[in-house]
Amino acid sequence: MLKGAAAMAAASVAGAPSAARSAPADPWAYAQGIIDQFSRPLDFSQREVSITSHGAKPCQLHAVDGFPTIDAKGKVLTPVPGSHDCYPALRAAIAAVHRAGGGTVLVPAGDWYCKGPIVLLSNVCVHLAARARVRFSADPRDYARDGDYDCGANGKLVLSRWQGNDCLNFSPLVYARGQRNIAITGADWTSELDGQAGVPFEDGSGNGWWGMNPKGARQGPNPDAMHQGRNNPLNPESLAKLAPKLDAAVLARIQGDAPDWRSDEKFLPALSEAGVPVERRIFGLGHYLRPCMVEFIDCDNVLMQGYQVINTPFWIHHPVDCRRVHFSKVRMESIGPNSDGFDPESCDTVLVDGCWFNTGDDCIAIKAGKNLDTNYGPTRNVVIQNSVMNSGHGAVTLGSEMSAGIEHVYAQHLDVRNQHWQTDPLNTVVRLKTNMNRGGFLRHFYVRDVKLPNGVRLKPGFYKPIAGGPVKAGTVPTGGGAVITFDCDYAPAFDLIRSRPPEVSHVHISEIRVTNVKTAEGAFGCYQAFVVLGPVGHSYNGPDSKQILPVTDVTISDCDFGTPVNAAQPWFIHNAKNIALRNVVIGDKRYDENLSG
């Protein structure tokens, strides 16, 4: 079920170096070579089939008490009870078009209630007309009913990946695996996919998908309800039966002595560390790992374009082990827990162009596996451009799940608007997250021409280290407040196995322009200009022979960071060298110097 490590694509992008470790002679020419891979649109047959020809009927809506955002209770719209289910019609139309050789499945204008996932097949485009809105059911059973793997009481599940780890779980609401030439598109941003994550479950079993998250559970009618962070009694008390070949000492180290190690969010990474095969990593019904909104696994030639997504259970878009992924003119409005906008994982050749992000977590977060799940290989050859970022944790983030590595990422011409800076500010703009567990490498990362008309979050979100280390708690704003954040010791206490130091090098950032906002205390653009927290040796708990390398070869040039709140310490550096500042303005001072620390 798990494929081997991905080999490099036979057809390289224009101008690609002969070795992956090589820096391109002209990085932006290399980026243009990636962009050029998408100059020819995907080719679908002219055949078009409406879901109404397979019996679909629109539904009516009514308002119920729920969560418009994870932080606000209020009325939310949902299909009235007894609405016609369009899932059979969607499934039948996709299958018919696929069998006929391909084409387009049309979702006409109207509200369509769907009690199950949209599963794409090769050579099929699902297109939402203007004012077409698919309302996915708020019922976990609908996403554990028709998967490829019959897991008994847990349901019929699909192969998925949850925060970097492979598992059998609920189907994502839009899903494909092993398909070629697929697309989901919309006419405009009135073409809508609604995950209904803030709607209470239809059977009354919980306060919706967001209630599976600790924050959502606390805000529900029962603050002591089960969630992903509580011990799940369905998870065995020991990994011994699942990993019989591991000796007791190794198992004890993986399990640790934390009282919540059997919570679903910690039990799945423990299964990876123990080498338990994916067919025995069974979640779904009775568990609390929310599905992604859109997840494609092992697909070639993927297009997501021209629609809006709202209120998603978990990560919004998550292509895994895909090649040639085009993400264009998509709007995301989901202020929910873990509502990352776009998370390409172990993908090769990706273009993000003209998108709008207003998310409850990172706008973009590039991933590459976690723990021992590096089977799909690194993410490489990614261009991000011409997009708007508002609320979120990071605008362009790499990690934190990046164990297989990330290389050749290019971000340019971004409007980091931070429109909601007074009520829900963007935490940081360029963000790297990894630690001694997630490890991996980051190299050849280039950023240019980024405008911040409303700065970033002004209140710091401080680093929480393992006690006794060289960097003290409450001093470094790795969780928010810096424009650029390198956090190589992200949430170290969450991971018990910390034996894989990350390697970070060749990062070049230019032309960031921060505009201050006016507050009662003065005009500021950030809390601190930048943070480079390299790997923290104190967090390492593996063999003594492992080398822990500093962050190296970083340039920050032609940037204006505005006025930091912490003007006395405009930056922070730990375990980093060759950090070159060239024509960098912070407050009223220009810097041209080389930093190490």
Side-chain angles (χ1 to χ4, degrees), residues 61-79 111 133-140 172-173 189-190 192-202 206-223 225 227-229 288-294 307-318 330-343 355-365 387-395 397 416-428 454 456-459 461 479-480:
L61 307 178
H62 70 145
V64 300
D65 292 327
F67 290 85
T69 75
I70 188 60
D71 294 312
K73 296 181 180 179
K75 295 293 184 180
V76 290
L77 289 176
T78 189
D111 290 283
R133 294 171 291 272
V134 177
R135 314 278 186 175
F136 289 95
S137 65
D139 189 341
L173 281 57
W189 288 343
T190 67
E192 194 168 273
L193 300 170
D194 183 355
Q196 294 209 103
V199 175
F201 286 144
E202 294 169 6
N207 60 321
W209 287 116
W210 288 345
M212 290 185 173
N213 173 271
K215 185 174 184 179
R218 288 193 299 269
Q219 298 189 42
N222 178 12
H227 57 70
Q228 69 192 51
Y288 299 88
L289 302 184
R290 293 160 287 146
C292 291
M293 184 73 182
V294 180
Y307 54 86
Q308 179 170 224
V309 189
I310 66 172
N311 302 329
T312 69
F314 191 62
W315 294 353
I316 304 177
H317 299 90
H318 184 213
V330 175
R331 178 170 180 147
M332 291 140 281
E333 295 281 350
S334 183
I335 308 300
N338 310 105
S339 285
D340 295 19
F342 183 66
D343 291 12
C355 293
W356 176 287
F357 298 86
N358 193 44
T359 60
D361 208 311
D362 293 316
C363 298
I364 293 173
S387 295
V388 173
M389 284 81 168
N390 283 309
S391 295
H393 290 181
T397 296
V416 184
R417 197 167 297 175
N418 193 18
Q419 192 173 35
H420 311 295
W421 68 271
Q422 292 177 298
T423 57
D424 189 16
L426 184 79
N427 285 356
T428 185
N454 294 299
V456 295
R457 173 177 164 177
L458 302 180
K459 182 179 178 180

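Here the structure is a predicted model, which means the values were calculated and not measured.
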Q: Drop me the distance from Asn207's CG to Arg218's CZ, to the nearest 0.5 angstrom.
A: 12.0 Å
**Q.** Arg133 backbone acceptor or donor facing Glu192 side chain under 3.5 Å
**A.** no
Q: Quick one: list whatever passes side-chain contact (heavy atoms from CB on, under 4.5 Å) with Asp71, sequence neighbours left out.
A: Thr69, Lys215, Gln219
Q: Working to the nearest 0.5 Å, report the span between CZ of Arg457 and OG of Ser391.
A: 12.0 Å
Q.
Quick one, Lys75 and Asp65 - any side-chain contact, counting heavy atoms below 4.5 Å?
A. yes
Q: Could you pull out all residues at least two apart from Phe136 that satisfy ring-ring contact (aromatic ring centres under 6.0 Å, His included)?
A: none
(Q) List the residues meeting salt bridge (charged side-chain N to carboxylate O under 4.0 Å, His left out) with Lys73, not counting sequence neighbours, and say none if there are none. (A) none
Q. Who are the side-chain contact (heavy atoms from CB on, under 4.5 Å) partners of Ser137, not counting sequence neighbours?
A. Tyr113, Lys115, Asp139, Asp142, Tyr143, Glu202
**Q.** side-chain hydrogen bond (donor to acceptor under 3.5 Å, both in side chains) partners of Tyr307, counting only residues at least two apart
**A.** His317
**Q.** Pairwise distance CZ(Phe357) to CZ(Arg417) - rounded to 0.5 angstrom
**A.** 13.0 Å
**Q.** Residues in side-chain contact (heavy atoms from CB on, under 4.5 Å) contact with Asp340, at least two apart in sequence or another chain
**A.** Trp315, Asp343, Asp361, Asp362, Ala365, Lys367
Q: Return the set of residues passing side-chain hydrogen bond (donor to acceptor under 3.5 Å, both in side chains) with Gln228 (not counting sequence neighbours), or none when no residue passes.
A: Glu265, Arg290
**Q.** Nearest atoms (heavy-atom pairs only) where His227 meets Ala217
**A.** CD2-CB, 3.7 Å
Q.
Going by the rule side-chain hydrogen bond (donor to acceptor under 3.5 Å, both in side chains), which residues pair with Trp356 if we only count those two or more places apart in sequence or in a different chain?
A. Glu333
Q.
On a heavy-atom basis, which atom in Leu173 and which in Gly195 lie closest, and how many Å separate them?
A. CD2-CA, 3.9 Å
Q: Check whether any side-chain heavy atom of Asn427 sits under 4.5 Å from a side-chain heavy atom of Val456, and report yes or no.
A: no
Q.
So, taking the atom named CG in Leu458 and the one named CD in Gln422, what distance separates them when rounded to the nearest 0.5 Å?
A. 10.5 Å
Q.
Quick one, Asn311 and Gln196 - any side-chain contact, counting heavy atoms below 4.5 Å?
A. no
Q: Apply the test side-chain contact (heavy atoms from CB on, under 4.5 Å) to residues Val309 and Arg331: give CA-CA distance (whole Å), side-chain angles for both, the deciding distance (0.1 Å), then the verdict.
A: CA-CA 6 Å; Val309 189; Arg331 178 170 180 147; over 6 Å; no
Q. Quick one: does Ser387's side chain get under 4.5 Å of Ile364's, heavy atoms only?
A. no
Q | Partners passing side-chain contact (heavy atoms from CB on, under 4.5 Å) against Ser334 (at least two apart in sequence or in another chain) | A | Trp210, Thr312, Ile316, Ser339
Q: Identify the heavy atoms of Gly74 and Pro68 that sit nearest to each other, and give their distance.
A: N-CD, 3.5 Å
Q: Return the minimal non-hydrogen interatomic distance between Pro313 and Pro291, and the atom names on each side.
A: CB-O, 3.4 Å
Q) Considering residues at least two apart in sequence or located in another chain, which fulfil the ring-ring contact (aromatic ring centres under 6.0 Å, His included) criterion with Phe342? A) Phe327
Q: Return the set of residues passing salt bridge (charged side-chain N to carboxylate O under 4.0 Å, His left out) with Asp194 (not counting sequence neighbours), or none when no residue passes.
A: Arg135
Q. Residues two or more places apart in sequence or in another chain: which of them pass side-chain hydrogen bond (donor to acceptor under 3.5 Å, both in side chains) with Lys459?
A. none
Q: Answer whether the closest heavy-atom distance between the side chains of Trp209 and Pro140 falls below 4.5 Å.
A: yes
(Q) Strictly distance-based, threshold 3.5 Å: is any side-chain N or O of Asn390 a donor or acceptor partner for the main-chain N or O of His420? (A) no
**Q.** Nearest-0.5 Å distance that lies between atom CG in Asn358 and atom CG in Asp424
**A.** 7.0 Å
Q. Rounded to the nearest 0.5 Å, what separation is found between the NE2 atom of His393 and the OG1 atom of Thr359?
A. 8.0 Å
Q: Might you point out which heavy atoms bring Ala138 and Pro200 nearest each other, and give the distance in Å?
A: CB-O, 3.9 Å
